[in-house]
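Residue numbers count from 1 along this sequence.
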Amino acid sequence: MFKEEVAEKYQQIQDEICRGLEIADGKGKFEEELWEREGGGGGRTRIMQNGAIIEKGGVNFSAVYGKLPEAIKKAFNVEEEDFFATGVSIVIHPNHPLVPIIHMNIRYFELNEETRWFGGGIDLTPHYVFENDARFFHHKLKLACNEHSESFYPKFKAHADDYFYIKHRNETRGIGGIFYDRLKPENTDLSWQQILDFSVTIGQSFLPIYTELMERNRDKEFSELQKQWQYQRRSRYVEFNLVYDSGTKFGLETNGRIESILMSLPPQANWGYNVQPGMDSEEYKTLQLLKKGINWV
């Protein structure tokens, strides 16, 4: 069955990424927790804490099924109840302020043959925006998209700019990336199998992208000021995830596993009051690059 094939490929991606991140970090190891959802299905939560570079990282797989709650039925505008959802969700918080936070999610949702879709994306949240790193990141995502459709990158990049936007701060969460939802044959000109292939390509692009960004920046020296700025930027990440993130909302409303849903939150974040960096500072420069519509490629 198609949904079993999707879940199996996603599990393989989880395995590959965990192995690769352990090698890249050099010290940290993922601890696995198997869990079952009360309504049906379950998952594998894998968390690394206190690695050489990865302070807290989660690489989670889930495949759940059961009855869709009324709130979600209304949001999706559907009458049917029996759903299946599978995905891989990743958030990595480094201990080094010059190594960026990264998030990836690939997912598949199914109610029936007619009502089903793929979603996902990758986005990068640097504490300090380095323009070469931003160009590298977007270039790699564009190449991954172009393997399947040249229309994908510009469309999904714009969607990410709009989605990863902290309205109450009037700034983007980071430098964006790609974000897509409800992909199906009717809106992609691809078959279900080809959309799955695209989803797998995005999943497989994560490791080479992030390990390169780790290697570029992990040996750079940093100051206490930069460390404090990292904690300040992490607080923006928390605000977005708790206020706007649709995956967090879906997980909470479908009675998901709280520890897995909130694994995206950093181990420490600071909310300084009215922090205003000086106009000639690197911190100020980063804030000027947290805008929609920047063409990085």
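A donor and an acceptor atom, one from each side chain of His168 and Glu239, are located under 3.5 Å apart. No side-chain donor from either of His127 and Tyr231 sits under 3.5 Å from a side-chain acceptor of the other. Inspection of the Ser199 and Tyr10 side chains reveals an N or O donor paired with an N or O acceptor under 3.5 Å. Under the 3.5 Å distance criterion, with hydrogens and angles disregarded, a donor-acceptor pair is assigned to the side chains of Glu283 and Tyr128. In summary, the side chains of His103 and Ser264 do not present any donor paired with an acceptor at a separation below 3.5 Å, with no hydrogens or angles considered. Checking Glu224 against Gln228 by side-chain atom types alone, a donor-acceptor pair falls below 3.5 Å. With 3.5 Å as the limit, one finds no donor-acceptor pair spanning the side chains of Trp117 and Glu110. The closest side-chain donor-acceptor pair between Asn112 and Glu80 falls under 3.5 angstrom. His138 and Tyr153 share a donor-acceptor pair across their side chains, judged by distance under 3.5 Å alone.
Taking a cutoff of 4.0 Å between a charged side-chain nitrogen and a carboxylate oxygen, Asp123 and Lys157 do not qualify as a salt bridge. A salt bridge is defined here as a Lys NZ or Arg NE, NH1 or NH2 lying under 4.0 Å from an Asp or Glu carboxylate O, and Arg218 with Asp25 fails to meet this definition. A salt bridge is absent between Asp161 and Arg173: the closest approach of a Lys/Arg side-chain nitrogen to an acidic carboxylate oxygen does not fall below 4.0 angstrom. Salt bridge Glu5/Lys9: present, at least one basic N to carboxylate O contact under 4.0 Å. Note on Lys292 versus Glu171: no salt bridge recorded, every NZ/NE/NH1/NH2 to OD/OE distance being 4.0 Å or above. At a threshold of 4.0 Å, the pair Glu212-Arg216 counts as salt-bridged, since one of the basic side-chain nitrogens sits closer than that to a carboxylate oxygen. Residues Glu31 and Arg46 are not paired through a salt bridge, judged by the lack of any N-O separation under 4.0 Å between the basic side chain and the carboxylate. Using a cut-off of 4.0 Å between Lys/Arg side-chain N and Asp/Glu carboxylate O, Arg257 and Glu33 are scored as salt-bridged. Under the 4.0 Å criterion applied to side-chain N and carboxylate O atoms, Glu221 and Lys227 are not assigned as salt-bridge partners.
The two residues Gly28 and Glu22 make their nearest non-hydrogen contact at O-CG, 3.7 Å. In terms of heavy-atom proximity, Leu141 sits nearest to Ile178 at CD1-N, 3.9 Å. Across every non-hydrogen atom of Gly176 and Phe137, the tightest pair is O-CE2, 3.3 Å. Considering every non-hydrogen atom in both Arg234 and Pro266, the closest pair reads CD-CB, 3.6 Å. Between Lys184 and Asn187 the shortest heavy-atom distance is O-OD1, 2.8 Å. The two residues Phe61 and Ala7 have their closest heavy-atom pair at CE1-O, 3.5 Å.
Taking the side chain as every heavy atom from C-beta outward, Tyr244 and Lys167 approach each other to under 4.5 Å. Counting heavy atoms from C-beta outward, Phe109 and Arg182 have side chains that stay 4.5 Å or more apart. The side-chain heavy atoms of Arg44 and Gln11, taken from C-beta on, include a pair separated by under 4.5 Å. Contact check for Leu242 versus Leu262: side-chain heavy atoms found under the 4.5 Å cut-off. Taking the side chain as every heavy atom from C-beta outward, Asn217 and Asp133 approach each other to under 4.5 Å. In this structure, Ile195 and Pro185 have side chains that are in contact, with non-hydrogen atoms separated by less than 4.5 Å. Using a 4.5 Å heavy-atom cutoff, the side chains of Leu252 and Ile258 are in contact. Under the 4.5 Å side-chain criterion, counting only non-hydrogen atoms from C-beta, Tyr210 is in contact with Pro94.
Among Thr45, Ile17, Ile47, Leu21, the one residue that satisfies the side chain to side chain contact (heavy atoms under 4.5 Å, CB included) test with Phe30 is Leu21.
Between Phe198 and Tyr180, the ring-plane angle classifies as tilted under the 30° and 60° cut-offs. Relative ring orientation between Tyr163 and His159 is described as perpendicular, the plane-to-plane angle rising above 60° on a 0-90° scale split at 30° and 60°. A tilted orientation is assigned to the rings of Trp192 and Phe118, their planes being inclined by 30° to 60°. Taking the six-membered ring where tryptophan is involved, the planes of Phe179 and Phe164 are perpendicular, since the angle between them exceeds 60° and thus also 30°.
In the hydrophobic clustering of ILVMFWY residues, with side-chain heavy atoms under 4.5 Å counting as a link, Phe206 and Leu196 come out together. When hydrophobic clusters are built by joining Ile, Leu, Val, Met, Phe, Trp and Tyr residues whose side-chain heavy atoms come closer than 4.5 Å, directly or via intermediates, Ile261 is not grouped with Ile90. The hydrophobic clustering, which links ILVMFWY residues whose side-chain heavy atoms are closer than 4.5 Å, places Ile54 and Ile13 together. A chain of hydrophobic side-chain contacts below 4.5 Å, direct or via other Ile, Leu, Val, Met, Phe, Trp or Tyr residues, connects Ile106 to Val200.
Shown here are the side chain to side chain contact (heavy atoms under 4.5 Å, CB included) partners of Ile294, two or more places apart in sequence or in another chain: Leu289, Lys291, Trp296. Scanning for side-chain hydrogen bond (donor to acceptor under 3.5 Å, both in side chains) contacts around Arg116 gives Tyr108, Glu113, with sequence neighbours left out.
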Between Thr115 and Val78, does the side chain to side chain contact (heavy atoms under 4.5 Å, CB included) criterion hold? Intermediate values first, please. CA-CA 9 Å; Thr115 309; Val78 295; 4.2 Å; yes
Item to check | Criterion side chain to side chain contact (heavy atoms under 4.5 Å, CB included) on Met263 and Asn60, from CA distance to verdict | outcome: CA-CA 9 Å; Met263 70 90 187; Asn60 292 352; 3.3 Å; yes
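Counting non-hydrogen atoms of neighbouring residues, nucleotides and ligands closer than 6.0 angstrom, the NZ atom of Lys155 exceeds 12 such neighbours.
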